[in-house]
Amino acid sequence: MAGLKAGSPHPEDITVHSASKVLEVSFSDGASFRIPFELMRVCSPSAEVQGHGPGQETLQTGKREVTLTALEPVGNYAVQPTFSDGHTTGLYTWEYLYFLGSQQDKLWADYLAQLRAVGVDRDAPMPGKAASSCATH
């Protein structure tokens with residue numbers, strides 16, 4: 001199962017910070033990340049965002065103000081957030097949360113560059129299909 005590789009860091013503490021719109025995750029290897037809800041949403045591991053294969057990703061926009069309305073555990077390997085825009089289908093494994101946290105600067109830069117490349121504003125309503133910059137995992 002994803003997130004259960006031997007020796008992989010696992011969360012020791014997960015805190016939802018609603019006011020600042022970040023998920024704070026502290027891992028067993030000492031790493032700690034503050035992952036913005038917007039980044040979690042635009043990089044959702046769901047098929048709705050990632051597609052079912054290369055080239056099927058959907059660029060997400062209009063997610064700056066998204067919040068978490070719920071965060072449910074999934075076994076011992078993931079959490080499933082419910083976002084304020086109704087998105088509920090992404091399972092965020094420990095490995096994927098670590099990836100988002102450790103790579104967030106690059107993911108943000110790639111996301112913003114991709115928006116510029118297609119001439120879409122970050123706060124624009126969802127456009128037609130375009131590749132997602134978060135398909136690197």
Side-chain angles (χ1 to χ4, degrees):
M1 278 186 173
L4 291 178
K5 293 178 185 170
S8 292
H10 59 276
E12 293 186 332
D13 191 40
I14 299 176
T15 306
V16 175
H17 295 281
S18 297
S20 57
K21 297 180 186 162
V22 296
L23 183 71
E24 185 173 5
V25 186
S26 299
F27 284 89
S28 57
D29 67 351
S32 183
F33 306 111
R34 292 177 59 87
I35 307 167
F37 297 162
E38 180 184 11
L39 181 65
M40 290 178 64
R41 181 59 183 87
V42 301
C43 292
S44 172
S46 69
E48 174 187 325
V49 174
Q50 299 298 326
H52 292 283
Q56 295 182 359
E57 302 88 359
T58 300
L59 180 64
Q60 302 293 299
T61 58
K63 306 302 181 191
R64 187 189 306 250
E65 298 302 321
V66 75
T67 60
L68 283 182
T69 59
L71 187 66
E72 299 297 326
V74 178
N76 291 315
Y77 68 96
V79 290
Q80 184 172 22
T82 297
F83 292 94
S84 59
D85 66 353
H87 183 70
T88 63
T89 58
L91 289 182
Y92 292 72
T93 64
W94 306 151
E95 180 181 29
Y96 194 67
L97 285 173
Y98 200 97
F99 167 75
L100 287 177
S102 66
Q103 300 299 310
Q104 65 180 299
D105 290 343
K106 180 184 183 325
L107 292 170
W108 272 122
D110 291 350
Y111 175 63
L112 295 174
Q114 192 171 30
L115 289 170
R116 282 191 303 277
V118 296
V120 176
D121 184 80
R122 176 175 163 195
D123 294 315
M126 284 294 296
K129 260 202 173 280
S132 169
S133 63
C134 301
T136 59
H137 182 68

Considering only heavy atoms from C-beta outward, does the side chain of [X] approach that of [Y] to under 4.5 Å?
X: E24; Y: I14; value: no
X: T89; Y: V49; value: no
X: F27; Y: D13; value: no
X: P11; Y: Y98; value: no
X: E72; Y: P81; value: no
X: L59; Y: V118; value: yes
X: K21; Y: R64; value: no

Under 3.5 Å donor-acceptor, [X] side chain and [Y] backbone:
X: T88; Y: T82; answer: no
X: Y92; Y: M40; answer: yes
X: W108; Y: L39; answer: no
X: S84; Y: T67; answer: yes
X: Y111; Y: Q60; answer: yes

**Asked** Do R41 and E48 sit within salt-bridge range, that is, some charged N less than 4.0 Å from a carboxylate O?
**Response**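 So R41 pairs with E48 through a salt bridge.
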If I take atom [atom1] from residue [X] and atom [atom2] from residue [Y], how far apart are they, to the nearest 0.5 angstrom?
X: C43; Y: L107; atom1: SG; atom2: CG; result: 5.0 Å
X: E12; Y: S28; atom1: CD; atom2: OG; result: 5.5 Å
X: S102; Y: I35; atom1: OG; atom2: CD1; result: 8.5 Å
X: H87; Y: S46; atom1: NE2; atom2: OG; result: 3.5 Å

**Message:** With side chain to side chain contact (heavy atoms under 4.5 Å, CB included) as the criterion, how do R122 and K63 come out once you've worked through the C-alpha distance, each side chain's angles and the decisive distance to 0.1 Å?
**Reply:** CA-CA 8 Å; R122 176 175 163 195; K63 306 302 181 191; over 6 Å; no
Nearest non-hydrogen partners of [X] and [Y], listed with the distance:
X: Q50; Y: E57; answer: O-CG, 3.4 Å
X: G90; Y: S44; answer: CA-OG, 3.9 Å
X: D29; Y: A31; answer: OD1-N, 3.0 Å
X: Y96; Y: P45; answer: CE2-CD, 3.7 Å

**Prompt:** Passes ring pair (Phe, Tyr, Trp, His ring centres under 6.0 Å), F83 versus F37? Steps please.
**Reply:** CA-CA 8 Å; F83 292 94; F37 297 162; 7.3 Å; no
**Asked** Mind checking what makes salt bridge (Lys or Arg N to Asp or Glu O under 4.0 Å) contact with R116, not counting sequence neighbours?
**Response**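 With sequence neighbours excluded, R116 shows a salt bridge (Lys or Arg N to Asp or Glu O under 4.0 Å) to no residue whatsoever.
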**Request:** Show your working on side chain to side chain contact (heavy atoms under 4.5 Å, CB included) between R34 and Q104 and close with a plain yes or no.
**Result:** CA-CA 9 Å; R34 292 177 59 87; Q104 65 180 299; 5.5 Å; no
**Message:** Set out, in order, the CA-CA distance, both residues' side-chain angles and the distance that settles side chain to side chain contact (heavy atoms under 4.5 Å, CB included) for F33 and L23, then state yes or no.
**Reply:** CA-CA 8 Å; F33 306 111; L23 183 71; over 6 Å; no
**Message:** Count I, L, V, M, F, W, Y as connected when their side-chain heavy atoms are under 4.5 Å apart, and connections chain through other members. Are L71 and V22 then in the same cluster?
**Reply:**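 Each belongs to a different hydrophobic cluster.
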**Request:** State which residue, out of V42, T61, D121, fulfils the side chain to side chain contact (heavy atoms under 4.5 Å, CB included) condition with L115.
**Result:**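 So the option named by the test is T61.
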**Prompt:** For L91, which residues count as a side chain to side chain contact (heavy atoms under 4.5 Å, CB included) partner, sequence neighbours excluded?
**Reply:**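 For L91 the side chain to side chain contact (heavy atoms under 4.5 Å, CB included) partners, ignoring immediate neighbours, are V74, Y77, Q80.
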